[in-house]
Asker: 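Here it is, the structure, as structure tokens.
In each ligand, atom 1 is the first atom listed, and ligand 1 is the first ligand listed. We count residues from 1, following the sequence as given.
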Amino acid sequence: MKKYTSLTEIQGELAQRQLTLKEIIAYYFEQITKNKHLNAFNEVFFDSASKQAEKVQEKIDKGSAGKLAGMVIGIKDNICYLDHKVSASSKMLDHFVSPYSSTVVERLLAEDAIIIGRLNCDEFAMGGSNETSFYGTVKNAADEERVAGGSSGGSAVAVQADMCLATLGTDTGGSVRQPAAFCGAIGFKPTYGRISRYGVIAYASSFDQVGTLTSSVSDAALLLEVLAGADEHDSTLSSLPVPSYTANLSQNGKKKIAVLKETIENDVLDQETKEAILIALEKLKGQGHEISYVSFDLLDYLVPTYYVLTTAEASSNLSRYDGVHYGYRNTQAQSLNQLYKVSRAEGFGEEVKRRIMLGTFVLSAGYYDAYYQKAQKVRRLIREKVEKLLEEYDMLVSPVAPTPAFKIGENVQDPLVMYMADIYTVLASLAGIPAVALPLGNNKEGLPLSIQLMTKHFNEQGLLSLSYHFLKKDK
Ligand code: GLN
């Protein structure tokens, strides 16, 4: 079977009866088996996915199928799906079965998507290389000695190696965009408050957002249309109406685009990535958009602010894993205190423990003002600066990551090197604005390159339309 890159193609063939859902699902199962060594899936939902395929095929035959009929999608292993395991790639939740479904899963199923399995990720979504997973590293299909990116590494490789049509990831500080960039996929993170977090295992609640990894902008638009919008279970959600992103994809006026100068003229940026971005900017100019360079002098503050705030939130969110309520429990402990301590010491991996300790430190009485509160103030400044820029410009541009996919093992021993690699993605997360990673082809070694576009709160439509036109093949 050929590689499908959009649901429109699949639905066209399903409607013509050139293809059945049984064939599609069999194809993806085969692809998963063939690519098992890449370690993208923590579990394949053979039974429930096959049953759903039969059910949806009947609906297609009757003409009553939903918008996502024909879509085979994988979900990151931190998104809850009733009666299915969910582990956040942690020993802490190994074997844990979800007693309910997240809102995103319910919305996917309500529109007849088929959920094919749960995807490997960094433990509790903490990481940028998928090397902190309890289930092992995910390999990049473009070069198996290289990382897939993270934390949604499995979600990226599943799309890259055609193991399903699309995937969901979560993005707290870049975890959808950066792995998408490393694997040549389109990684879309909406505005904070656009998609429900209900049933998504929390890392840093004022940052976490569900996002999509796809091969086409139209699929990103369609998924957003299905997933976005108010939910009584998540009070941080906006009640703004959800536009028909797909219907409006082709509208596209001339945009004022600002390139964040310090992100491009920066020693950390890989030369070929820079060249690819400059070519992309020429293309955007050729498409009639106005390109300017603006200064963003807060760049050095982004990573520290992000890590103070997210570790603080993580230390609070992860306090629920105490060996008592659910998850891993040490059975030899002699006292309650020991039970907490040993269960947490054994259930969490090194990176998660590092962050819990860091977060506990910045929240502690003597350091709260100096770190946590200060970081909150800096976050406000960053957000205001971004909002101001976006009053004048429609879009902001930066790289997604300083380098293409790095080698497995290259950065994992040095957390600071790993954290610094988030320099370009955490801006949109701190400001809560939507952002997308778009593929720019490969470098000389065959590794995917990427560009990031960002826009104002709730302007997903503008971002999707621009991305659509930018990536559209010239006739
Ligand atoms: N790499 C970043 C971190 O480690 C982003 C993670 C994410 O977005 N979940 O926190």
Side-chain angles (χ1 to χ4, degrees), residues 75-79 88-90 119-133 137-138 147-156 167-183 187-190 192 195 197 200-213 302-315 317-318 348-359 362 375 379 399-403 405-406 410-412 414-437 452 454:
I75 57 176
K76 185 176 179 177
D77 195 6
N78 61 352
I79 299 176
S89 288
S90 179
L119 296 154
N120 204 342
C121 56
D122 277 297
E123 185 180 1
F124 283 100
M126 297 176 190
S129 64
N130 216 129
E131 292 171 286
T132 73
S133 166
T137 304
V138 178
V147 301
S151 62
S152 314
S155 300
T167 57
L168 296 188
T170 58
D171 191 312
T172 303
S175 278
V176 161
R177 290 162 284 154
Q178 185 256 29
F182 282 9
C183 297
F188 193 88
K189 178 198 95 77
Y192 180 81
I195 295 184
R197 287 180 294 113
V200 177
I201 295 179
Y203 159 17
S205 307
S206 77
F207 293 79
D208 297 343
Q209 269 301 285
V210 171
T212 56
L213 295 99
L302 301 180
V303 170
T305 309
Y306 170 81
Y307 275 95
V308 169
L309 294 175
T310 52
T311 54
E313 294 186 26
S315 73
N317 273 326
L318 272 63
F348 289 133
E350 204 177 308
E351 180 60 24
V352 171
K353 282 191 271 199
R354 178 180 294 118
R355 295 192 190 205
I356 292 174
M357 286 193 278
L358 207 60
V362 301
R379 183 181 196 180
V400 182
T403 64
F406 43 87
E410 190 177 323
N411 293 344
V412 77
D414 191 342
L416 279 186
V417 172
M418 199 71 105
Y419 298 171
M420 282 314 291
D422 296 334
I423 183 162
Y424 299 131
T425 44
V426 294
L427 175 61
S429 311
L430 284 158
I433 55 172
V436 66
Q452 177 171 224
M454 297 166 264

Asker: Hey, could you give me the CD/OG1 distance between Gln209 and Thr170, rounded to the nearest 0.5 Å?
Answerer: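 Rounded to the nearest 0.5 Å, the CD-OG1 separation comes out at 10.0 Å.
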Asker: Taking the side chain as everything from C-beta on, heavy atoms only, tell me whether Thr167 gets closer than 4.5 Å to Thr212.
Answerer: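 With C-beta onward as the side chain, the pair stays apart.
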Asker: With a 4.0 Å cut-off on N to O distance, would you call Glu350 and Lys353 a salt bridge?
Answerer: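 Here Glu350 does not pair with Lys353 in a salt bridge, since their nearest N and O are not under 4.0 Å apart.
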Asker: Leu358 and side-chain contact (heavy atoms from CB on, under 4.5 Å): which single residue from Thr310, Thr311, Val308 fits?
Answerer: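 The side-chain contact (heavy atoms from CB on, under 4.5 Å) with Leu358 is passed solely by Thr311 among Thr310, Thr311, Val308.
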Asker: For ligand 1, give me the residues whose heavy-atom distance to it is below 4.0 Å, by chain and number please.
Answerer: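 Shell around ligand 1 (4.0 Å, heavy atoms): Ala125, Met126, Gly127, Gly128, Ser151, Asp171, Thr172, Gly173, Gly174, Ser175, Tyr203, Tyr306, Tyr307, Arg355, Asp422.
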Asker: Indicate, with yes or no, if the rings of Tyr419 and Tyr306 have centres closer together than 6.0 Å.
Answerer: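 Judged by ring-centre distance (under 6.0 Å), Tyr419 and Tyr306 do not meet the cut-off.
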Asker: Please say whether the positively charged group of Arg177, taken as NZ for Lys or CZ for Arg, lies over the ring of Phe188, i.e. under 6.0 angstrom from the six-membered ring centre and within 45 degrees of the axis.
Answerer: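 No - Arg177 does not lie over the ring of Phe188 by the 6.0 Å and 45° rule.
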